[in-house]
Amino acid sequence: MLPNFDYVRPVSLRDAIKHLSSDGARIHAGGIDLLSCLRDGVLGVEKMVSISKIKALKGIKAKSDGSLHIGALTTIAEVSENSIIKSQYSVLAQAASKVASPQLRNQVTIGGNICQKPWCWYYRGDFHCVRKGGEMCYAENGENQYHCIFGGGGICYIVHPSDPSSALVALGASVRIVGQLGSRVVPLDKFHLSPGQDAQKENVLEPGEIVAEIVIPSPPEGLRSSYRKVRVRQSFDFALAGVALALQFKDKKVTGGRVVLSGAAPVPWRSKAVEEVITGKKLDARTVAKAADAVVKGAEPLGQNGYKIPLFRGIIEEELLAIAGA
Ligand SMILES: Cc1cc2nc3c(=O)[nH]c(=O)nc-3n(C[C@H](O)[C@H](O)[C@H](O)COP(=O)(O)OP(=O)(O)OC[C@H]3O[C@@H](n4cnc5c(N)ncnc54)[C@H](O)[C@@H]3O)c2cc1C
Ligand code: SF4
C-alpha cells in the first residue's frame, strides 16, 4: 500500500528545488520506479515533487560545439527514436530500445532510468540488508543468479539495472545536476557509486538535487558503436549480460574508445582489460579471442551466477566481430 504524502507539481526548476529542500521530499518523473519502491516499502515519502511540467527538463538539442543535450524528462522512447541519436550514437538508441516494454518506454524518463533503485529481490522484499542499513547481504550466499560478478566487494552484489547508463558511460557522457547551491557537471562514470564508495546510495546526488540533463560530447572521428543485451525474456527484461561498445577506428584498427558491461557489476562496468587488448589492433580472430579472456579477468562469480562467465566471453566475441565488419 502507498503511504500518505503531499503532492506538488511545480512548473519551474527553481520552485522544484525549493520544494525538494523539505525533509522527506522525493522527485517523481515517470513514476514507474518510485511508486514501485513506495509500494514495496523500500522508500518513504512526505512530499512528492512531480517535475513533469518543467519545460526546461524536456527535449533533445544539438549544440554548436557538436555536443548533444538530452533533458532529464525525455522519455526512453524518444531517446530510442531520435534521428541524431540513431545515426551518431547508435549504442544509446539501441540500449534505449531494449529497455522494458514499449508501454513503459513511452512513460519512463532518461533521468529516472539512470537514477532507478536496484532490483535485487532481497532489497525489494522484506529483508533489512546492507543496502537498507542492515548488517547482512542476503544475496551473497542466497539466490544470486542475477547478481554481479565484478565489484560486489563482499558488501553488496547488485547489478546496475540501467541499459542506457552503460551506453552513456561508453560515449563519455556527463550529467548536469542542479540544486540549491547551483549547478555542477559530473561525468557519468563518476555519477554511479560502487558499494565500496557507499553501500546505501547508488549515485552522487545530494538531497534536493535534480538531474537536469545529460550531455554527450561530439562523436569523435571514426566512431562506431553498438549495444548487445542478453536477457531471459526477449519481450522485456533486465540484462543478464550486456555490452556497450563505442570504439574509434582508423584503417580497420581500433584507435580508442570504451567497452562497458551491463548486468556485470553494481555500476556500469568499464572493461579496461578489453580496451587494452583491442586498442591499436585489427579485430581479427586472435585479438577477439584475447578480448574474450580479458573480459572476465578478475571476475568473482557467486554460487549461482557462474554462467555469466561464458556469456560475457561469447557476447564480447560476437559484438567485436560484428562491429569490425560494420
Ligand atoms: C517491468 C519493468 C522492466 C524494466 N526493464 C528495464 C530494462 O530492461 N532496462 C532498464 O534500463 N530499465 C528497466 N526498467 C526500469 C525502468 O526503466 C525505470 O523504472 C524507469 O526508467 C524509471 O523512470 P521514471 O521516469 O519512471 O522514474 P521515476 O520512477 O519517476 O524515478 C526513479 C528514481 O529516480 C529519481 N529521479 C527521477 N528523475 C530524476 C531526476 N531528473 N533527477 C534526480 N532524481 C530523479 C526518483 O526520485 C526515483 O528515486 C524496468 C522497469 C520495469 C517496471
Ligand atoms: S545484493 Fe545488495 S541489495 Fe541485494 S541483499 Fe545484498 S546488500 Fe541487499
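Bear in mind the structure is a predicted one, so any value in this text is a computation, not a measurement. Both ligands and their constituent atoms are indexed starting at 1 by order of listing.
Between the side chains of Gln94 and Ser226, no donor-acceptor pair is found at a separation under 3.5 Å. For the 3.5 Å distance criterion, the side chains of Ser97 and Ser80 fail to qualify, holding no donor opposite an acceptor. In the model, Tyr227 has no side-chain atom that pairs as donor or acceptor with a side-chain atom of Ser90 under 3.5 Å.
The single protein non-hydrogen atom nearest to atom 42 (N) of ligand 1 is Val211 N, 2.8 Å, given as residue, atom name and distance. Nearest protein heavy-atom neighbour of atom 19 (O) of ligand 1: Asp33 CB, 3.4 Å. Here the heavy atom of the protein found nearest to atom 39 (C) of ligand 1 is Ile27 CG2, 3.8 Å. Counting only heavy atoms of the protein, atom 17 (O) of ligand 1 lies nearest to Asn113 ND2, 3.0 Å. For atom 24 (P) of ligand 1, the nearest protein heavy atom (residue, atom name, distance) is Gly30 N, 3.6 Å. In this structure, atom 3 (C) of ligand 1 lies nearest to the protein heavy atom Ala100 CB, 3.7 Å. When only non-hydrogen protein atoms are considered, atom 15 (C) of ligand 1 lies nearest to Gln116 OE1, 3.1 Å. For atom 27 (O) of ligand 1, the nearest protein heavy atom (residue, atom name, distance) is Gly112 CA, 3.4 Å.
Ion pairing of Asp293 with Arg313 is present here, as a side-chain N (NZ or NE/NH1/NH2) and a carboxylate O approach within less than 4.0 Å. Taking 4.0 Å as the cut-off between side-chain N and carboxylate O, Lys250 and Glu221 do not count as a salt-bridged pair. One finds no salt bridge joining Glu81 and Lys86 here, because no Lys/Arg side-chain nitrogen approaches an Asp/Glu carboxylate oxygen to under 4.0 Å. At a threshold of 4.0 Å, the pair Arg105-Glu78 does not count as salt-bridged, since none of the basic side-chain nitrogens sits closer than that to a carboxylate oxygen. In summary, Lys61 and Glu213 do not engage in a salt bridge, as defined by a charged side-chain N under 4.0 Å from a carboxylate O.
Within the structure, the closest approach of Arg105 to ligand 1 does not fall below 4.0 Å when heavy atoms are considered.
The shortest N/O to N/O separation between Lys117 and ligand 1 does not fall below 3.5 Å. The shortest N or O to N or O distance between Ile32 and ligand 1 is below 3.5 Å. Note: an N/O pair closer than 3.5 Å links Pro161 and ligand 1 by distance alone. At least one N or O atom of Leu34, backbone or side chain, sits closer than 3.5 Å to an N or O atom of ligand 1.
Inside a sphere of radius 2.8 Å centred on atom 4 (Fe) of ligand 2, the protein N/O/S atoms present are Cys120 SG.
Within ligand 1, counting atoms from 1 as listed, the ones closer than 4.0 Å to a heavy atom of Phe236 are 1 (C). In the vicinity of Ile210, heavy-atom distances shorter than 4.0 Å reach the ligand 1 atoms 41 (N), 42 (N). Near Pro164, meaning under 4.0 Å from any of its heavy atoms, are these atoms of ligand 1: 11 (O). The contact set between ligand 1 and Asp237, taken as ligand atoms under 4.0 Å from a residue heavy atom, comprises 8 (O). Those atoms of ligand 1 that come under 4.0 Å of a heavy atom in Ser162, given as number and element, are 11 (O).
At distances below 3.5 Å, at least one donor-acceptor pair connects side-chain atoms of Arg258 with backbone N or O atoms of Val169. Judged purely by atom type and a 3.5 angstrom limit, Thr74 has no side-chain atom pairing as donor or acceptor with the backbone of Ile70.
Among Tyr122, Phe238, Trp121, the one residue that satisfies the ring-ring contact (aromatic ring centres under 6.0 Å, His included) test with Tyr146 is Trp121.
Residue Ala212 does not touch ligand 1, judged by heavy-atom distances below 4.0 Å. Of all the heavy atoms of Leu205, the ones lying under 4.0 Å from any atom of ligand 1 belong exclusively to the side chain. Proximity of Ala72 to ligand 1, defined as any heavy-atom pair under 4.0 Å, is confined to the side chain (atoms from C-beta onward). The part of Lys229 lying near ligand 1 is the side chain, judged by heavy-atom distances below 4.0 Å. If you look at Lys98 next to ligand 1, the close heavy atoms, those under 4.0 Å, all belong to the backbone.
Annotation: the span from Ile309 atom CD1 to Glu300 atom CD amounts to 10.0 Å, rounded to 0.5 Å.
Looking at Lys308 and Pro301, their side chains never come closer than 4.5 Å, going by heavy atoms from C-beta outward. Within the 4.5 Å cutoff, the side chain of Ile54 has no heavy atoms near those of the Asp15 side chain. Between Val211 and Leu205, some side-chain heavy-atom pair lies under the 4.5 Å cut-off.
Taking all heavy atoms of Gly208, Gly263, Ser166, Gly31 into account, the minimum distance to atom 28 (P) of ligand 1 is reached by Gly31. Selection from Thr109, Ile51, Leu104 by nearest heavy atom to atom 2 (C) of ligand 1 gives Leu104.
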Please list, one pair per line, the donor and acceptor atoms closer than 3.5 Å that link side chains of residues 32-52 to other protein atoms, with sequence neighbours excluded.
{"residue": "Asp33", "atom": "OD1", "partner": "Arg124", "partner atom": "NH1", "Å": "3.3"}
{"residue": "Asp33", "atom": "OD1", "partner": "Arg124", "partner atom": "NH2", "Å": "2.9"}
{"residue": "Asp33", "atom": "OD2", "partner": "Lys117", "partner atom": "N", "Å": "2.9"}
{"residue": "Ser36", "atom": "OG", "partner": "Arg124", "partner atom": "NH1", "Å": "3.2"}
{"residue": "Lys47", "atom": "NZ", "partner": "His19", "partner atom": "ND1", "Å": "3.1"}
{"residue": "Ser50", "atom": "OG", "partner": "Ser52", "partner atom": "N", "Å": "3.3"}
{"residue": "Ser50", "atom": "OG", "partner": "Ser52", "partner atom": "OG", "Å": "2.9"}

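The environment of Leu2 atom CG is dense: over 12 non-hydrogen atoms of other residues, nucleotides or ligands sit within 6.0 angstrom.
Seen from the ring of Phe236, Arg233 counts as a face-on cation partner, given the 6.0 Å and 45° thresholds.
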